[in-house]
Protein chains: 2
Amino acid sequence: MNQPDSPALQTALAYYDAWRRRDHSTAMNVVADNVVSDTPFGRLAGAAALHQSEAGFAEILTGATLIASFGDDTTALLLYNTHTLPVPNVLSAKYFLVENGKITAIKGLFDRSVFAEAQGASEHH
Amino acid sequence: MNQPDSPALQTALAYYDAWRRRDHSTAMNVVADNVVSDTPFGRLAGAAALHQSEAGFAEILTGATLIASFGDDTTALLLYNTHTLPVPNVLSAKYFLVENGKITAIKGLFDRSVFAEAQGASEHH
């Protein structure tokens, strides 16, 4: 049973809620300086690299809709649709490790192909 | 807090464990006839379509390693690495809806690009 009082889930949702509002500076309040973030494009080492990447992504991000969220003492797992300018719904998962209220590791997952396909479609129509 | 006694998680893990052993016929024991499965390649409507797709995928599947698993009364969410012949580790998420001990809906997520990249690499080396 998912417990709303999962401390790791509370932290992950604080991150997610700020991120989806394109306020990644606020999201960084719950991120550890030495966070390691594995994305479909590769590894981002440290808070500055994560913030730079997400600040860039915010230029095409329009929002996100949560599908499922679970957590325990030290981990949380979210499934959501990411809404972007080129692709309205990008199914996405994010896994968080949390220590002492700070996110120390993220694994992000989505299908990169949907962006390439959207680009191809716009070029051909 | 994740609870091992989540009925939906037990069903999802029964499916996953049979699937990763390439025994999808056994996995089908916990799948409803009218299951709807959304995959990165599109929607599969019904148990026969799901089974045909996974029986084909089993030809390149070598196993899977669970990273995280959560569930509540009616839903479960898994994160795992899928091991395949062309790509050793494919980060994957699967979300399950469960009714009366049977899986009625699946959302599967992985990055299709990793397979295209592996094919491109093998063609160029």
Side-chain angles (χ1 to χ4, degrees), chain A residues 1-13 16 36-43 64-82 87 89-98 103-120, chain B residues 1-13 16 36-43 64-82 87 89-98 103-120:
Chain A
M1 188 77 72
N2 180 41
Q3 292 198 341
D5 61 351
S6 153
L9 180 56
Q10 288 181 4
T11 301
L13 287 175
Y16 167 85
V36 174
S37 183
D38 287 313
T39 84
F41 296 105
R43 172 163 288 191
T65 304
L66 200 59
I67 298 170
S69 60
F70 291 100
D72 59 18
D73 282 348
T74 58
T75 71
L77 182 57
L78 308 184
L79 184 73
Y80 50 93
N81 271 311
T82 304
V87 184
N89 288 289
V90 183
L91 186 65
S92 311
K94 208 163 267 182
Y95 179 61
F96 299 86
L97 299 187
V98 179
I103 295 164
T104 57
I106 298 174
K107 282 186 196 295
L109 173 60
F110 60 88
D111 182 359
R112 279 176 291 162
S113 306
V114 300
F115 290 103
E117 287 166 0
Q119 191 169 30
Chain B
M1 188 78 69
N2 180 41
Q3 292 198 342
D5 62 350
S6 153
L9 180 56
Q10 287 181 4
T11 301
L13 288 175
Y16 167 84
V36 174
S37 184
D38 286 314
T39 83
F41 297 105
R43 173 164 288 193
T65 305
L66 200 60
I67 298 170
S69 60
F70 291 100
D72 58 20
D73 282 349
T74 59
T75 71
L77 182 57
L78 309 185
L79 184 72
Y80 50 93
N81 270 310
T82 303
V87 184
N89 289 288
V90 182
L91 186 64
S92 310
K94 208 162 266 179
Y95 179 61
F96 300 86
L97 299 188
V98 178
I103 295 164
T104 58
I106 299 175
K107 282 185 195 296
L109 173 60
F110 60 87
D111 182 0
R112 280 176 290 162
S113 306
V114 300
F115 290 103
E117 287 165 0
Q119 190 169 29

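Residue numbers begin at 1 in each chain, while the letters A, B, ... track the order of the sequences.
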About how many Å separate [atom2] of [Y] and [atom1] of [X], when rounded to the nearest 0.5 Å?
X        : Y       : atom1 : atom2 : result
B/Asp111 : A/Phe41 : CG    : CZ    : 8.0 Å
A/Asp38  : B/Leu91 : CG    : CG    : 8.5 Å
A/Ser69  : B/Leu77 : OG    : CG    : 9.0 Å

- Who are the side-chain contact (heavy atoms from CB on, under 4.5 Å) partners of A/Ala12, not counting sequence neighbours? A/Ala76, A/Phe96
- Task: List for me each residue that meets side-chain hydrogen bond (donor to acceptor under 3.5 Å, both in side chains) alongside B/Thr75, sequence neighbours excluded, and say none if there are none.
- Result: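 Testing B/Thr75 for side-chain hydrogen bond (donor to acceptor under 3.5 Å, both in side chains), a comparison that skips the adjacent residues, returns B/Asp72.
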- Item | Atom of B/Gly71, atom of A/Phe70 and distance for their closest heavy-atom approach | C-CE2, 3.7 Å
- Task: Write down the atom of A/Phe110, the atom of B/Leu109, and the distance for their closest heavy-atom approach.
- Result: CA-CD1, 4.1 Å
